[in-house]
Every structure is written in C-alpha cells, then in structure tokens.
Amino acid sequence: MASFNRATAGVLVGGLMTFGLPVIATTAATLAAGVALAPAASAADNIAFRASAQSAANQITHRVTIPASVRETDSLLLFVSSNKALASVTATPAGWTRVSSRLSSTDTETILYRKVATATDAGRSQAVDFTATTKASLMLLAYDGTDDANPIGTFASAAETTNRATHTTPGANVATAGSYVVSYWADKSSATTGWTLPAGQTQRSISLGTGPGRITSVASDLNAPAPTGASPARTATASAASGKATMWTVVLTPDPDSEPNVAPVASFTATCPQATCTVDASGSTDTPPGTVTSYAWDFGDGTTGTGVTATHTYANAGSKTISLVVTDNQGLASPSTTRTVSVTTPPPATGPGHTRLVPDKPRTNTPRISTGEIWDMEVVGTGNAARVFIAGSFSSAANTINPTTTVNQPYLLSYNLNTGLIDTQFRPTFGGGGVFAVEATPDGTKLFVAGDFNTVGGVARQKVASLNLTTGAPISTFAFTQSTNNQATALAATNSTLYVGGRFSRINGALRSGLAAVNTASGAVDMSFDNQLSGGIGVNGQLGVPQLKLTHDESKLLVVHTGRQIDGQDRYGMGIIDTATKALLPWRSQLWDNNLASVGGVTRIYAADQRHRGRVSPHRGIVDRLGRTAAVDRAALRQHLFLGHH
C-alpha cells in the first residue's frame with residue numbers, strides 16, 4: 001500500500017502566502033504545493049528563457065552575478081540550497097520575495113526567491129548572507145515574457161526520503177496557456193559530480209560544489225510552453241545516491257497584457273570586392289519590445305558564421321548564395337533571407353614588378369610634416385584615386401603646393417598620392433593616446449589603426465579601430481570596446497583576419513599576450529589563434545611586437561618581437577606562423593641566442609615588406625621606412641617628411 005504523508009497547500013496572493021486546510025499527497029517524498037488563481041487565457045506574451053547564473057562556495061556571504069542580458073520586467077528565480085545545520089539565511093535579500101522553502105532531512109534546505117527585474121539589475125552582484133560559514137549553491141534563472149505582477153502561478157516542492165540517485169519533482173497544475181514549467185533538483189553529497197536530466201528537458205543551469213558535504217544543483221525546462229492541465233513529475237539522476245535532496249516544480253505564467261511575440265525579419269547587405277565577402281545584418285529588425293540577439297550565416301559552400309557582421313573568403317569564383325536567419329531575445333527565429341553574390345578571384349600574387357629604378361628627382365608635391373615622427377604608412381587605391389595614409393606622432397601637416405595651408409590633424413592623416421594634397425575630409429580624432437600602425441585589407445575596403453588610444457571620434461575604441469576610409473569615423477560594427485590593457489603597435493591584414501601585435505596581455509576582453517588575431521568585420525578575437533609571446537628581451541625585459549608581415553600569398557605571418565618564446569617554444573626575436581593551421585612553424589633564427597646577455601636588451605627590430613597589393617603603379621614604387629612597396633618617391637619622403645629614427 002502506498003504511504004500517505006500530509007502536505008500543506010498555499011495560495012499566493014500579492015506575494016504573500018496564506019494557509020488553509022491540510023491536503024493529502026500520495027508520494028514517497030514529503031510535498032508542499034502552492035497554488036495561485038490563474039487569469040483566463042488571452043493573447044499573452046510568449047515566455048522565453050533569458051539567461052542564468054550560478055555559484056557554489058563555502059563562505060558566510062554567497063554571491064551570484066545577475067546576467068548582463070537581463071532586461072527590465074524579466075522574471076528572476078533565485079534558488080538557494082545550503083547546509084542548514086551549519087547556518088541559516090539571515091534575511092530575505094533586498095528587493096526579493098521569499099516564495100517558500102523545503103528542508104530535506106535535518107540539514108539540506110532550498111529556499112526559492114522571486115523578483116521582477118528592474119532597469120538596474122543587469123550585471124549586478126546579488127548577495128545572500130548566512131549566519132555563519134556554510135556550503136551553498138546559488139542558482140539564478142531569468143525568463144522574459146512572464147506576468148510582471150506575479151510571474152509564479154503555481155509551485156510545488158518535495159524532500160527526498162530515500163537514499164537514491166534518482167530524485168523526482170512533484171507534479172503541478174498548469175492553468176494558463178503559454179506557461180513555462182521550470183524544474184529544479186539539489187542534493188547534498190560528497191560523491192555527486194553531475195546530473196542526468198529527464199528526456200525532453202533543456203538544461204538551463206548546473207552548479208557543482210567541491211569538497212565533502214557539497215551542494216550540487218541543476219535546473220531545466222521544456223524549452224517550450226507546457227500543455228495546460230496536470231504537469232507530470234520529472235525524475236533527474238545524480239551521479240551518486242543521496243538521501244538529502246530537494247526537488248521543485250515552478251510554473252511561470254505569461255504576461256496577459258502583452259501581445260504575442262512576432263518573429264524578427266532578417267535583412268543584410270553583402271560586399272564582395274573579390275573572393276572575400278563582408279556581410280552586414282545590422283538592418284535586421286524585430287517588433288518592439290523584442291530585439292534581435294543572434295545571427296546565423298550560411299555562406300553556401302558548407303561554411304557558416306555568426307555575429308551581426310562577418311567575413312568569408314571563398315575558395316573559387318562564381319555565383320554564391322548567402323543566407324541569414326536571426327533570432328530574437330525570446331528565442332523566436334526569422335525565416336531565412338538569401339542573397340546571391342558574384343565572387344571573383346584576385347590575380348596571382350606577384351612581386352612589385354618594377355620596370356626601372358626609382359627616379360633620382362624627388363617629388364615636390366608631398367605634404368610636409370614639421371614636427372614629430374612617421375611610424376607607419378599605407379597606400380590604398382590606384383590611379384587618380386590612390387591615397388596615402390600616414391600614422392605617427394605629428395600634430396599637423398602642410399601642403400607644399402597651392403593651397404599651401406596647414407592642416408591640424410594629429411596622429412593620422414591622408415593625402416592624394418598624385419596631387420599631394422591633404423585630404424581635409426578624412427579627420428579622425430583620437431583620445432587617450434596616438435596611432436602607431438595603419439593597415440588596409442588587400443581588397444582596399446577596410447582600414448585599421450593601432451596605438452594607445454582609448455577613443456576614436458569620441459567613441460570607445462580600445463587600442464585598435466576600423467575606420468571609414470572617407471571620413472575617418474570609427475566603424476560601429478567593429479566593436480573593439482572590451483579591455484585592451486596596453487598599446488597595440490603592429491598590424492597585418494588579410495581580407496578576413498587582422499593580426500595585432502603589441503604590449504598587451506588582454507585584447508578586446510580576451511587573454512592574449514602580445515599577439516592576437518581578430519575578425520576584420522566584427523573585431524571578435526579568434527580564440528583558436530593561440531600563439532602568445534613570453535619572456536621579454538627588450539630593454540628592462542620589455543615584451544612587444546614592432547612588426548607583423550604577411551607573405552605575398554598570405555600563407556605565413558612573420559612576427560618580429562622582443563620576446564624569447566612564441567607559444568611556449570624558443571623563438572628569440574622572430575617567428576613564423578602558418579596562417580591556415582594557426583600553428584608556429586619550425587623555422588628559427590639564432591641571431592640573439594649568444595649575444596643577448598652582452599647587449600642588455602633589444603631596442604628595436606625592423607622588418608621589410610615587399611608585398612605587392614596591386615593598388616599602386618609599379619613603376620612609381622619606392623620603399624618607406626619598413627621597405628614596403630609604395631607609390632611615393634623615397635627621396636621625396638626624405639625631403640618633405642621627417643622620418644622617425646626608431
């Protein structure tokens with residue numbers, strides 16, 4: 001005969017619990033059920049999982065960070081499971097409502113709190129204080145589209161009474177169409193290292209403590225609205241048996257005053273100068289208050305991509321079909337939008353192709369820089385449209401032909417290669433520092449700068465930026481806004497990848513020492529490119545990257561640096577990386593191995609670049625301070641530009 005245990009029924013009214021007559025429950029566990037009157041079914045918002053956070057520790061004050069993606073009016077559930085025999089929660093956290101608690105045996109307690117998120121909650125650290133040090137698990141779940149008056153319609157909790165690995169949540173009634181059923185399991189066991197969820201459940205969060213008597217917990221839902229009526233009990237399996245466990249079922253009700261979610265609309269542009277296409281989905285839309293949160297690209301050749309912008313290089317020419325699906329913050333995906341583009345392959349890479357020596361007579365129309373130094377230069381375009389971009393420590397430059405005006409343009413300027421006149425429309429401004437390097441993609445569509453600046457045009461850009469070729473304004477989709485903790489000093493670019501060298505140990509929020517690769521469209525750090533530098537041999541042990549150079553066919557990256565190792569292997573001063581495999585190649589110079597101790601450190605190292613991009617007329621080619629082919633007379637540079645001695 002089944003055992004019968006008494007339970008207590010509660011009704012949620014305005015966040016308060018009132019108690020009535022006892023009810024009878026026919027389970028092997030101790031149950032407590034909470035029931036709320038549900039509104040009649042109507043055109044309600046669609047509930048969707050937003051985000052989760054969790055923590056497990058052994059301390060007095062436990063903390064969990066509310067995810068940054070949480071929005072105002074989101075429903076927040078906070079499960080706090082702890083060893084009650086050692087300590088109790090001192091008080092309900094400010095701004096939260098205590099829903100209920102469940103005690104298993106004498107020492108394993110779970111308390112459920114709820115809250116409707118405010119505009120200031122996202123990213124905030126939420127503390128839960130205990131009376132003494134105790135092991136506890138905090139699990140926070142956020143859902144969008146719930147009733148912002150009281151998101152919890154019904155809940156039920158149970159305490160395990162048998163020592164076993166399988167733990168079963170109590171059932172609950174789903175009264176309102178569109179409701180979500182959230183399941184939660186927690187146990188106290190020195191042996192539990194993981195959980196297996198029941199079939200059909202989507203794991204939303206898992207917290208695994210450490211040490212003896214640790215608390216572990218897991219939460220899930222159906223990833224879809226639950227059918228109305230009785231919601232079944234669900235059994236999760238821990239990796240070890242425990243007689244100290246709590247199980248919860250929480251029914252979230254949709255907001256009856258909101259319209260149902262509408263699928264977003266995918267829209268994008270595609271630019272394909274040659275074999276590399278840049279796609280931009282910033283024109284995609286969603287019906288307020290929904291927002292587009294993810295982008296899924298299919299480039300039609302078996303490769304995919306993500307992000308609001310992306311780049312892709314095709315292996316062969318022809319007509320290509322690109323498709324995009326966007327998903328909103330409630331998990332609703334758009335229909336696929338497609339574009340057909342025509343891809344051409346660039347001409348074979350060749351040398352500079354000079355047919356004669358550089359003219360002895362220098363140009364007389366190049367701008368004059370009166371003070372400061374030239375750190376780097378880049379030529380973009382051909383014929384009358386060819387432009388020269390110069391980076392350095394200067395603050396102004398003057399035209400040497402009419403109109404002979406002085407233009408105040410610190411750190412980076414542009415002038416027409418043929419006329420020599422400074423481009424007064426190209427006016428980038430930098431805050432917090434200057435520019436050390438300038439680089440363009442081989443197709444001439446993107447321009448990048450690196451330095452120690454923190455803003456460009458008043459917009460946050462940490463040490464690296466992509467600029468509009470006409471105005472110098474920062475490109476908004478190249479989001480280099482996360483922490484880059486030291487200067488970037490060198491750049492090299494393909495159409496899809498920008499290689500960055502410098503003195504940093506963190507770049508755009510990612511841990512990378514001195515060398516990194518980022519996407520040319522989005523600025524996202526390529527975490528699979530892991531060739532970090534170590535062991536500074538510069539003055540006072542400084543570690544940096546003076547130059548980065550790509551071979552003509554873009555298959556190899558030469559890294560000129562003041563370090564001892566690349567990717568943990570000895571490569572004093574120089575190393576070569578295969579750009580396809582992203583692996584360090586065996587080639588090694590031993591130039592500094594024997595004499596480093598006697599010279600006290602490498603001051604500067606130079607590298608030559610004879611890479612011909614097809615953007616300048618070869619018969620005009622001269623060499624700048626790096627040896628790069630450029631359509632400017634070297635003698636003219638000596639005469640009109642103060643070259644840096646570095």
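Note that these values count all heavy atoms, side chains included, but never hydrogens, waters or copies made by symmetry.
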Exercise. Decide yes or no on side chain to side chain contact (heavy atoms under 4.5 Å, CB included) for V456 and L467, but give the supporting numbers first.
Key: CA-CA 9 Å; V456 182; L467 304 184; 3.8 Å; yes
Quiz item: What's the verdict on side chain to side chain donor-acceptor pair (under 3.5 Å) for N454 and K463, showing C-alpha distance, side-chain angles and the deciding distance?
Solution: CA-CA 6 Å; N454 294 317; K463 311 308 192 255; 2.6 Å; yes
Quiz item: Does the pair L222 and T202 meet the rule for a side chain to side chain contact (heavy atoms under 4.5 Å, CB included), with working shown?
Solution: CA-CA 6 Å; L222 288 169; T202 298; over 6 Å; no
Exercise. Decide side chain to side chain contact (heavy atoms under 4.5 Å, CB included) for V99 and Y113; before the verdict, give the C-alpha distance in whole Å, the side-chain angles of both, and the deciding distance to 0.1 Å.
Key: CA-CA 5 Å; V99 177; Y113 301 97; 5.9 Å; no
Exercise. Report the C-alpha distance between R214 and N58 in whole Å, list the side-chain angles of each, state the deciding distance to 0.1 Å, and finish with yes or no for side chain to side chain donor-acceptor pair (under 3.5 Å).
Key: CA-CA 9 Å; R214 57 179 172 265; N58 183 28; over 6 Å; no
Practice problem: Quick one: do T249 and F155 satisfy side chain to side chain contact (heavy atoms under 4.5 Å, CB included)? Show the steps, please. | Solution: CA-CA 6 Å; T249 298; F155 74 90; over 6 Å; no
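Within the 4.5 Å cutoff, the side chain of E109 has no heavy atoms near those of the V80 side chain. Looking only at side-chain heavy atoms (C-beta outward), C277 and R339 stay at 4.5 Å or farther from each other. Taking 4.5 Å as the limit, some side-chain heavy atom of I152 sits within range of a side-chain heavy atom of L77. Within the 4.5 Å cutoff, side-chain heavy atoms of M139 are placed close to those of L141. Taking the side chain as every heavy atom from C-beta outward, F79 and L140 never approach each other to under 4.5 Å. At a threshold of 4.5 Å between non-hydrogen side-chain atoms, the residues L103 and K84 count as touching. At least one side-chain heavy atom of L112 sits under 4.5 Å from a side-chain heavy atom of W248. The shortest distance between side-chain heavy atoms of V218 and L197 falls below 4.5 Å.
A distance-only check finds no donor-acceptor pair linking the side chain of Q462 to the backbone of T481 [under 3.5 Å]. Proximity of a side-chain donor or acceptor of Q203 to a complementary backbone N or O of S205 within less than 3.5 Å is not detected. Panel note: side chain S137, backbone T216; no donor-acceptor pair is recorded below 3.5 Å. Under the 3.5 Å distance criterion, the side-chain polar atoms of S179 are left unmatched by any main-chain donor or acceptor of V251. For the pair S284 (side chain) and A281 (backbone), a donor-acceptor distance under 3.5 Å is present. Between the side chain of T192 and the backbone N or O of G194 there is no donor-acceptor pair closer than 3.5 Å. Counting only distance, with no hydrogens or angles, the side chain of Y143 and the backbone of L252 share no donor-acceptor pair below 3.5 Å. Not one N or O on the side chain of N468 forms a donor-acceptor pair closer than 3.5 Å with the backbone of A473. Of the possible donor and acceptor atoms, none in the side chain of R98 sits under 3.5 Å from a partner among the backbone N and O of T92. Using modelled atom types, one side-chain atom of D328 and one backbone atom of L332 make a donor-acceptor pair closer than 3.5 Å.
Interatomic distance, OG of S513 versus CG of D530, reported as 10.5 Å (0.5 Å rounding). One finds the NE2 atom of H312 at 10.0 Å from the SG atom of C272 (value rounded to the nearest 0.5 Å). We find the CG-OG1 distance between D298 and T303 to be 7.5 Å, quoted to the nearest 0.5 Å. Summarising the geometry, atom OG belonging to S242 is positioned 6.5 Å from atom CG belonging to N163; distances are rounded to the nearest 0.5 Å. Between S528 atom OG and K582 atom NZ the span is 3.0 Å, to the nearest 0.5 Å. Annotation: the span from R164 atom CZ to D187 atom CG amounts to 13.0 Å, rounded to 0.5 Å.
Checked by atom type, the side-chain pair S323/T338 shows no donor-acceptor distance below 3.5 Å. Between the side chains of N486 and R506, no donor-acceptor pair of N or O atoms lies under 3.5 Å. Donor-acceptor pairing under 3.5 Å is recorded for the side chains of Q201 and S220. N485 and S505 share a side-chain donor-acceptor pair at under 3.5 Å. Side-chain contact of S496 with T311: a donor-acceptor pair under 3.5 Å is absent, judged by distance alone. Looking only at atom types and distance, the side chain of S104 has no donor-acceptor partner in the side chain of T246 under 3.5 Å away. S81 and Y184 share a side-chain donor-acceptor pair at under 3.5 Å.
Between W195 and W185, the ring planes lie tilted relative to each other; the angle falls in the 30° to 60° range. Between F299 and W297, the ring planes are parallel. Angles under 30° get that label, and only those over 60° would be called perpendicular.
Listed here is the closest heavy atom pair of A136 and S82: CB-CB, 3.8 Å. Taking each heavy atom of G509 and Q482 in turn, the nearest pair found is N-CB, 3.4 Å. The shortest non-hydrogen separation linking V341 to A270 is CG1-CB, 3.7 Å. Counting all heavy atoms, side chain and backbone alike, A56 lies closest to S207 at CB-OG, 3.5 Å. In this structure, V325 and S334 approach most closely via the heavy-atom pair CG1-O, 3.5 Å. Contact record, R114 with P151: NH1-CD, 4.1 Å, taken as the closest heavy-atom pair.
Annotation: cation-pi pair R204/F49 present, NZ/CZ under 6.0 Å from the ring centroid and within 45° of its normal. Cation-pi check for R512 over F504 is not met; the charged atom does not lie both under 6.0 angstrom from the ring centroid and within 45 degrees of its normal.
Evaluation of the salt bridge (Lys or Arg N to Asp or Glu O under 4.0 Å) rule for R124 yields D121 as partners, not counting sequence neighbours.
One finds a salt bridge joining R50 and D144 here, because a Lys/Arg side-chain nitrogen approaches an Asp/Glu carboxylate oxygen to under 4.0 Å. Between K244 and D107 there is a salt bridge, with a side-chain nitrogen of the basic residue lying less than 4.0 Å from a carboxylate oxygen of the acidic one. A salt bridge between D301 and K320 is absent, with no side-chain N of the basic residue lying under 4.0 Å from a carboxylate O of the acidic one.
A ring-centre distance under 6.0 Å is found for F448 and F478.
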